[in-house]
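Being a predicted model, the structure only gives us computed values, none of them experimental. Whatever order the structure lists ligands and atoms in, that order sets their numbers, starting from 1.
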Amino acid sequence: MLILGLETSCDETGVALYDTERGLLAHALFSQVDIHVEYGGVVPELASRDHVRKTLPLVEEVLAQAGVAGPDIDAVAYTAGPGLVGALMVGATLARGLAFGWGVPALGVHHMEGHLLAPMLEEESPDFPFVALLVSGGHTQLVRVDGIGQYTMLGESLDDAAGEAFDKAAKMLGLPYPGGPHIARLALDGDPERFDFPRPMVNRPGLDFSFSGLKTYTLNTVEDCRAAGGLSEQDRCDIARAFEEAVVATLVIKCRRALRQEGLKTLVIAGGVSANTNLRASLARKLERDGARVFYPAPVFCTDNGAMIAYAGAQRLLAGQVDADDATVRPRWPMEELPPLAAEGVA
Ligand code: KG4
Ligand code: ZN
């Protein structure tokens, strides 16, 4: 089965072709970062308009890359939520239009399920059950995954998402949006001993997160440096390092706690923040000591992309799921509402 996947939930247009027998055939991505950078965040209307411009050319590019013609496609999967309503509607309308024209089914996919299953695109992929840490610009969630659509929420952020915290800290340091990769770059030259930022909520039981206190601590530290003679380049690197260390340590502690609580030895991390090399290295080091293993997507599939939507859509389409006639986008869509999938549907 050959599936075209479209991702347009936020500020990246992603398109991919996934074949359930041959794997990923082609993918293309356009990031709108340059459009939004001067506003310091994503402007929804600009995002929608750019998806209108980019999605079809990317579809053509992907078909050409794979040497596939439109009518060869068996189904079209698209991100139906959660995300920005206008941006989602562009992808949904295009996907359903293409599917209608080709006389094939369309299926709306949950964006976070896409992230969650992205490690399955790798050669070595995890077996169910596992614990997943989903860390993106909009979500920080620990989920027990017993199969596709069998999700139990173990913990989530009570305020900012981890990626959002990275973006806000970056803004305080005068770094552009999205801030995560910029903080990570500065942190490489930072002194880990200079500041000791708080590790939010690690001393409280449970698996929820909160990053607002850390955000305030970061702002106060920036202001202290300014008051003490100006924010130097070294100050910025040291603050970036301390901030990154605090977020990483918090995420690692909660992941180990979740694995212990669930009696599992497999962790999956996905979403934009899972591209962070410090987080990957710390998790690998700590989990090895526990006899556990961590799986993550290739860096290009950590942030938003069409491949994860094509893959997640493929699993559900194989199990016979298709859009109802009145299907609509869902800007807010709790992942626990997704239906489970028959085991034979998993490729
Ligand atoms: O999953 P994603 O591409 O979009 C959402 O669905 O939100 O995640 C984007 C988030 C941004 O907040 C960005 O700053 C963060 O992921 N991010 C990182 C890194 N790369 C992207 N955060 C920390 N370190 C990175 N290397
Ligand atoms: Zn995402």
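With E7 as reference, T79 is the one residue of T13, T55, T79 to meet the side chain to side chain donor-acceptor pair (under 3.5 Å) rule.
Residue contacts with ligand 1 for D167 involve side-chain atoms from C-beta outward but no N, CA, C or O (heavy atoms, distance under 4.0 Å). Residue H115 touches ligand 1 through its side chain alone, judged by heavy-atom distances below 4.0 Å.
Distances from the Zn ion (ligand 2) show that H115 has an N/O/S atom below 2.8 Å.
Using bins of under 30°, 30° to 60° and over 60° for the plane-to-plane angle, the ring pair Y217/F197 lands in the perpendicular bin.
Through direct or indirect side-chain contacts shorter than 4.5 Å among Ile, Leu, Val, Met, Phe, Trp and Tyr, L58 is connected to L2, L4, L6, V15, L17, L25, F30, V52, L56, V59, V62, L63, V68, I73, V76, Y78, V90, L94, L98, W102, V104.
Residue A184 has no N or O atom closer than 3.5 Å to an N or O atom of ligand 1. Considering backbone and side-chain N/O of F166, none are found under 3.5 Å from N/O of ligand 1.
Shortest non-hydrogen contact noted between L88 and P331 is CD1-CA, 3.9 Å.
Every heavy atom of C10 sits 4.0 Å or more from the atoms of ligand 1. In this structure, H111 is part of the shell of residues with a heavy atom less than 4.0 angstrom from ligand 1.
Partners of V43 according to the side chain to side chain contact (heavy atoms under 4.5 Å, CB included) rule, which considers only residues two or more places apart in sequence or in another chain, are H36, Y39, L46.
For D304, the N, O or S atom with the smallest separation from the Zn ion (ligand 2) is OD1.
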